[in-house]
Asks: 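Pasting a structure below so you can have a look.
All of these numbers come straight from a predicted model, not from anything done at the bench. In the text below, chain A, chain B and the rest are named by the order of the sequence lines, each starting its count at 1.
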4 protein chains.
Amino acid sequence: MSYDSTYPADNNEWRLNLLEDGPPLRADAQRNRARILDAAETVFAELGANASTEEVARRAGVAIGTVFRHFPTKDDLLTAIMKRLLARLIAEAGELSGPEGLFEFFTRLTAQAAAKRSVVELLARAGVDVQLPQAMTHLEQAVGGLLAEAQSAGTIRPEIQLPEVMALLISLTQGALHGNWPETLRARTLAVIFTGLRP
Amino acid sequence: MSYDSTYPADNNEWRLNLLEDGPPLRADAQRNRARILDAAETVFAELGANASTEEVARRAGVAIGTVFRHFPTKDDLLTAIMKRLLARLIAEAGELSGPEGLFEFFTRLTAQAAAKRSVVELLARAGVDVQLPQAMTHLEQAVGGLLAEAQSAGTIRPEIQLPEVMALLISLTQGALHGNWPETLRARTLAVIFTGLRP
Amino acid sequence: MSYDSTYPADNNEWRLNLLEDGPPLRADAQRNRARILDAAETVFAELGANASTEEVARRAGVAIGTVFRHFPTKDDLLTAIMKRLLARLIAEAGELSGPEGLFEFFTRLTAQAAAKRSVVELLARAGVDVQLPQAMTHLEQAVGGLLAEAQSAGTIRPEIQLPEVMALLISLTQGALHGNWPETLRARTLAVIFTGLRP
Amino acid sequence: MSYDSTYPADNNEWRLNLLEDGPPLRADAQRNRARILDAAETVFAELGANASTEEVARRAGVAIGTVFRHFPTKDDLLTAIMKRLLARLIAEAGELSGPEGLFEFFTRLTAQAAAKRSVVELLARAGVDVQLPQAMTHLEQAVGGLLAEAQSAGTIRPEIQLPEVMALLISLTQGALHGNWPETLRARTLAVIFTGLRP
DNA sequence: TATGAATGAGAGTTCATTCAT
DNA sequence: GATGAATGAACTCTCATTCAT
């Protein structure tokens, strides 16, 4: 199974799908939408998902009503952040390649998780949250691509399958977030996993 | 370093320390305290840490005031649950032994996490929450004991250290919780880690 | 009208009336009652009338139930404190005499008020609270005695009447409490009133 | 020292300062703010400072959230009432003048106190509460103006100083409130004080 | 369309009072 | 009679959401 051969082609298509639904927005509305998402990402990263929507509005420099016009429900806002994050992750996975690509992806993700709470909460929702299945599938495909590449290059054992790779990815991300690990610990922990994956 | 030689002796002492602070409670108060903790564990497992204290009271079959008499703050309640869970984990780790003891502990913990949200959120707080450091230390010691045993039996590579074992434990627990993994996936994921730990 | 000639005689009687109603108490109960009243006086003086009954119990070194056995209602406790304070004030007024007796009483009361919130809140209730009319009457009589003495000695103008003396007493006490006046201000303020009372 | 020469000029300025802080409010918000303050004044006057914020909301005809949007804390609400009352008192003091101005101010204040609990509790906080020092200073200045005028007109003894005048004002106001005095008693009590102040 | 004030259900917490021990 | 745990109504405060401006 080779994901990589098919991917480059529809890259753009699904990236767009992830970001836009509905009719195109007026210029200022689009700008506001982006500002809100940025602010929300920061706020939720700092304060957790319980942070108030007012705080998001404040940091975005818009009124609360504007937030709710763009995202009728707090959950919608959360989902939107997740979608955007997923899109970034997929893009990142898409840019990597080669025998060590998957390892590199693990490393980067874990490093980011230490800094960004949202990356984690996003991955955590995979399989649980009903609203992001499609985007999640795309990520799985991207990671699947890296896995296939590594396996055909012989850097990962052939019997390893995608689900456990995803599971490890999610676990590490979670752990890295909550544990607030120093750089060295992160490396040592990854080392164990890489050893487990390598032939 | 051999934890195992010293542990069995004071096992009982610290187990008691974990569970009791303050003067002994009246019979009915003790019963209520236990009921509240049980209810809280269930409720928070089902609904997450945002579940209302009222709900806990309702399920425990006591009035809300009783909950607050025992745990003046919601946080106190959360902390108490954590302490109890930790104590259980430590007890469990203390009962295991032999070359495969640590692997068994990984397996059990991951299995529990899939069922109990709290196990996870507990471990997640390790190193973050200020209130549980002592109990956490005890768990680390217990796991350290298992690690030492495994390493001297040659089932785990000698360069592996306690911090990354804890990190892996926490990560997997988190992952198992949020991902809601089926039995087989759990096994396959653990297999990767075990391979990484074995010589 | 000379209150003083009649007062010494029934001094004991009303003092007793003020303190006891109901059958005599067992020794330990009496001791507890006193401790509770002492504690309550302190607590309410420090924290205001909103202070919790638990706090009173704690400081008295008894359990909350004991407080409520002695004073079935928080209001009863408050009333009891008032009664005791009133009794003390009356006793103090009863011991004073001579042309400057009333002035001395003013001075002492104002000084106390600066230290004790309760003295004030007690006097403030005079005429408002329904529960203390009898004891209040006694105080009025005692002060009336001092007034009569001063007037017949010519140190207070004859047209001054008891009600305004009581009103001034109450006002100053209130003021001294809330204003937290330094010694000198207290003296200067009293001086104005004394000038107003003197011929 | 002549307060009077400087006062009329900046009267308006500080009166505004007392009432407005922050950006201008929307019309409806301003209306609600006023309604809440009015309701609060009534409610606290009737029920004391322990009255519930819910009751205030009910009487103001707004939802509880609105009260808390305007006054994030119950204390803020209390403080706001105080400020408004002080502003009124200062305005009133500012409009009086002439040799009998101060006496008139005493009379009016005492009369109001008999009707409005809040006037009293406001003055009672003078020197105690940390939040109103500026406004209180303004009142002192206004009263100081009246005092100077009366002294230069010879209706008040020259050795009388501002602090004791304030102390008497506060005391009487307190007394008038709590004592619930009839009109005549109020007059007779004031008479004593006025005699004490006059040459 | 953006604004931000209003809403109101619901959360955590307190405390006078009751009652089993 | 003393104890102190249990009760539950009441209170302050928060926040997602609605809607007039």
Side-chain angles (χ1 to χ4, degrees), chain A residues 25-29 32 50-58 61-77, chain B residues 23 25-33 36 50-57 60-77, chain C residues 25-30 32-33 50-58 61-77, chain D residues 23 25-33 36 50-57 60-77:
Chain A
L25 294 169
R26 236 168 58 182
D28 57 342
N32 273 345
N50 287 70
S52 84
T53 312
E54 279 271 1
E55 180 63 24
V56 172
R58 193 169 315 128
V62 299
I64 183 77
T66 305
V67 175
F68 276 87
R69 163 167 290 270
H70 284 282
F71 309 97
T73 279
K74 193 186 183 179
D75 236 65
D76 293 335
L77 178 54
Chain B
L25 293 170
R26 234 167 60 181
D28 55 344
Q30 216 158 24
R31 196 168 49 246
N32 274 340
R33 200 190 131 94
I36 290 168
N50 287 67
S52 88
T53 310
E54 281 270 0
E55 179 62 25
V56 172
V62 298
I64 181 73
T66 304
V67 175
F68 277 90
R69 160 170 278 267
H70 286 280
F71 310 98
T73 281
K74 192 186 183 179
D75 234 65
D76 292 336
L77 178 54
Chain C
L25 295 170
R26 235 169 59 183
D28 58 340
Q30 213 159 29
N32 272 344
R33 203 191 128 93
N50 287 69
S52 86
T53 312
E54 280 270 2
E55 179 64 25
V56 172
R58 192 171 314 128
V62 299
I64 182 79
T66 306
V67 175
F68 276 87
R69 162 166 289 270
H70 284 283
F71 309 97
T73 279
K74 192 186 185 180
D75 235 64
D76 293 336
L77 178 54
Chain D
L25 293 170
R26 232 166 62 181
D28 55 344
Q30 216 158 25
R31 197 168 49 245
N32 273 341
R33 201 191 131 93
I36 291 168
N50 287 69
S52 87
T53 310
E54 281 269 1
E55 179 64 24
V56 172
V62 299
I64 183 71
T66 305
V67 175
F68 278 90
R69 160 171 278 267
H70 285 281
F71 309 98
T73 281
K74 192 186 183 178
D75 235 64
D76 292 336
L77 178 54

Asks: Can you check whether A/His70 has a side-chain N or O nearer than 4.0 Å to OP1 or OP2 of E/dT1?
Replies: no
Asks: Once you round it to whole Å, what is the distance between P of E/dT17 and CG of C/Asp76?
Replies: 9 Å
Asks: Find the distance C/Asp75:CG to E/dC15:P and express it as a whole number of Å.
Replies: 17 Å
Asks: Once you apply a heavy-atom cut-off of 4.0 Å, does D/Thr66 come out as touching a base, just sugar-phosphate, or nothing?
Replies: base
Asks: Strictly distance-based, threshold 3.5 Å: is any side-chain N or O of B/Asn32 a donor or acceptor partner for the main-chain N or O of B/Ala29?
Replies: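 No, the answer is negative, given that no donor and acceptor are paired below the 3.5 Å cut-off.
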Asks: Using heavy atoms to find the nearest nucleotide of DNA chain E for B/Thr73 and C/Ala51 separately, return the residue whose nucleotide is more 5′.
Replies: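 Closer to the 5' end of DNA chain E: B/Thr73.
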Asks: Please say which of B/Thr73, B/Ile36, B/Val67 ends up in a side-chain contact (heavy atoms from CB on, under 4.5 Å) with B/Thr53.
Replies: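 Of the listed residues B/Thr73, B/Ile36, B/Val67, the side-chain contact (heavy atoms from CB on, under 4.5 Å) partner of B/Thr53 is B/Val67.
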Asks: Go nucleotide by nucleotide along DNA chain F from the 5' end; which of B/Ile64 and D/Ile64 gets its closest nucleotide reached first?
Replies: B/Ile64
Asks: Between A/Asn32 and E/dA2, is there a contact of a side-chain N or O with OP1 or OP2 at under 4.0 Å?
Replies: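 The answer is yes; a side-chain N or O of A/Asn32 sits under 4.0 Å from OP1 or OP2.
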Asks: Can you tell me the pairing partner of F/dC11 across any strand shown, Watson-Crick or G-U wobble, with both distances under 3.5 angstrom?
Replies: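 Looking at the geometry, F/dC11 pairs with E/dG12.
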Asks: Let me know the distance between CG of A/Leu77 and C1' of F/dT17, rounded to the nearest Å.
Replies: 14 Å
Asks: Identify whether any heavy atom of D/Thr53 sits under 4.0 Å from a base atom; if not, whether one sits that close to sugar-phosphate; answer base, sugar-phosphate or nothing.
Replies: sugar-phosphate
Asks: From CZ of B/Arg69 over to C1' of F/dT3, roughly how many Å is that when rounded to an integer?
Replies: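 Distance check: B/Arg69 CZ to F/dT3 C1' gives 11 Å.
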Asks: Under a 3.5 Å distance rule, please check whether B/Ser52 uses its side chain to pair with a backbone N or O of B/Glu55 as donor and acceptor.
Replies: yes
Asks: What is the distance, rounded to the nearest whole Å, between atom CZ of D/Phe68 and atom C1' of E/dA9?
Replies: 15 Å
Asks: Look up atom CG in A/Asn50 and atom NZ in A/Lys74, then write down how far apart they are to the nearest 0.5 Å.
Replies: 6.0 Å
Asks: With rounding to the nearest 0.5 angstrom, report the CG to CZ distance, C/Leu77 to C/Phe71.
Replies: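 CZ of C/Phe71 is found 5.5 Å from CG of C/Leu77.
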Asks: When the distance from CZ of C/Arg33 to P of F/dA2 is rounded to whole Å, what number comes out?
Replies: 12 Å
Asks: Starting from the 5' end of DNA chain E, give me the residue, C/Glu54 or B/Asp28, whose nearest nucleotide shows up first.
Replies: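 Taking each residue's closest nucleotide, the earlier one in sequence belongs to C/Glu54.
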Asks: Paired with F/dA20 by Watson-Crick or G-U wobble geometry, both distances under 3.5 Å: which nucleotide is it?
Replies: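 When the pairing criteria are applied, E/dT3 turns out to be the nucleotide that pairs with F/dA20.
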Asks: Any idea which of E/dG12, E/dC15, F/dT12 is nearest the C/Ser52 side chain?
Replies: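 Nucleotide nearest to C/Ser52's side chain: E/dC15.
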Asks: For the pair made of CZ in B/Arg31 and P in E/dA20, what is the distance, rounded to whole Å?
Replies: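 My rounded result for the distance is 13 Å.
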Asks: By nearest atom, which of the nucleotides E/dA16, E/dA5, E/dT7 is closest to the D/Ala29 side chain?
Replies: E/dA5
Asks: Write down the distance between CD1 (D/Ile36) and P (E/dA5), rounded to a whole number of angstrom.
Replies: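 So the two atoms are 12 Å apart, to the nearest Å.
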